[in-house]
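Report on the structure given below.
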Amino acid sequence: IPASRTIPAYPAEDVAAVLSEELVRAVRRRFRRKGTPLPTDDHEVVVLAIEIDSLTVVELLSSLDDILPFQVTENVVKPGGYESIDQTVKHVTRRIQGKWNEYYGGGKR
């Protein structure tokens with residue numbers, strides 16, 4: 001009987017926190033360049049209905065390198081982008097969890 005592998009707990013909260021922080025920074029930079037005001041509270045920016053293009057998300061995936069034991073590729077990002085930071089974080093975090101399970105040999109759960 002082969003030994004079953006235990007999949008380490010996926011650090012979803014850490015992944016979501018890094019993605020959210022990086023996206024807030026990117027959105028603030030973009031709006032500052034345009035001279036468009038944003039709420040000062042980061043949580044308000046996270047739930048704000050704003051376009052997040054897929055290229056922006058792909059560019060910040062490397063910020064997860066210190067948390068994850070594998071590189072995250074652009075296939076976790078939805079082509080065409082997202083409608084808010086919150087939507088982006090939820091979608092990408094869920095997709096990365098699938099990659100986490102695959103990495104540890106557990107397949108999708």
Side-chain angles (χ1 to χ4, degrees):
I1 299 173
S4 65
R5 297 176 93 187
T6 302
I7 297 175
Y10 172 59
E13 289 181 15
D14 294 338
V15 169
V18 168
L19 286 173
S20 182
E21 181 179 316
E22 293 296 325
L23 283 164
V24 166
R25 281 189 198 146
V27 166
R28 287 196 182 284
R29 279 192 304 270
R30 185 175 82 199
F31 274 66
R32 199 170 20 254
R33 278 193 309 270
K34 291 181 177 182
T36 307
L38 275 174
T40 55
D41 184 291
D42 284 350
H43 180 70
E44 290 179 39
V45 175
V46 168
V47 297
L48 194 63
I50 48 176
E51 182 181 321
I52 308 291
D53 67 274
S54 54
L55 183 57
T56 297
V57 181
V58 169
E59 288 174 349
L60 64 82
L61 292 176
S62 64
S63 63
L64 300 170
D65 288 350
D66 292 338
I67 298 172
L68 302 171
F70 55 89
Q71 276 195 313
V72 181
T73 58
E74 68 275 352
N75 63 353
V76 300
V77 178
K78 181 177 81 172
Y82 302 89
E83 297 172 4
S84 71
I85 292 174
D86 187 52
Q87 181 190 52
T88 308
V89 170
K90 286 177 181 173
H91 180 261
V92 174
T93 300
R94 200 169 42 250
R95 296 287 305 267
I96 293 171
Q97 184 168 11
K99 298 297 181 188
W100 176 273
N101 291 340
E102 289 173 17
Y103 178 82
Y104 284 103
K108 288 197 173 188
R109 290 188 175 215

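Numbers here simply count residues along the sequence, with the first being 1. What's counted below: heavy atoms across the whole structure, side chains too, no hydrogens, waters or symmetry copies.
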Atom [atom1] in [X], atom [atom2] in [Y]: separation rounded to 0.5 Å?
X     : Y      : atom1 : atom2 : result
Arg25 : Arg28  : CZ    : CZ    : 11.5 Å
Glu83 : Lys78  : CD    : NZ    : 6.5 Å
Leu19 : Asp14  : CG    : CG    : 11.0 Å
Tyr10 : Arg94  : OH    : CZ    : 10.5 Å
Ile7  : Glu102 : CD1   : CD    : 10.5 Å
Lys99 : Phe70  : NZ    : CZ    : 8.5 Å

Side-chain (Trp100) to main-chain (Leu68) donor-acceptor, under 3.5 angstrom: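 It does not hold such a pair.
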
Lys90 atom NZ, over 12 foreign heavy atoms within 6.0 Å: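 Result for NZ/Lys90: open.
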
Please name the pair of heavy atoms, one in [X] and one in [Y], separated by the smallest distance, quoted to 0.1 Å.
X      : Y     : value
Tyr104 : Pro69 : OH-CG, 3.5 Å
Val76  : Arg95 : O-CG, 3.5 Å
Ser54  : Gly80 : OG-N, 3.8 Å
Val77  : His91 : C-CE1, 4.5 Å

Side chain to side chain contact (heavy atoms under 4.5 Å, CB included) between Val15 and Val72: does it pass, once the steps are laid out? CA-CA 11 Å; Val15 169; Val72 181; over 6 Å; no

Are any of the side-chain heavy atoms of Ile85 and Leu48 separated by less than 4.5 Å? no

Classify the side-chain pair Thr56/Asp53 by whether it contains a donor and acceptor separated by less than 3.5 Å.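 Short answer, yes.
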
Between Asn75 and Thr73, do the side chains contain an N or O donor and an N or O acceptor separated by less than 3.5 Å? yes

Take Val92 and Tyr82 through the test side chain to side chain contact (heavy atoms under 4.5 Å, CB included) and record every step on the way to the result. CA-CA 10 Å; Val92 174; Tyr82 302 89; 3.6 Å; yes

Apply the side chain to side chain contact (heavy atoms under 4.5 Å, CB included) test between Thr88 and each candidate in Ile52, Thr93, Leu60; give the one that qualifies. Ile52

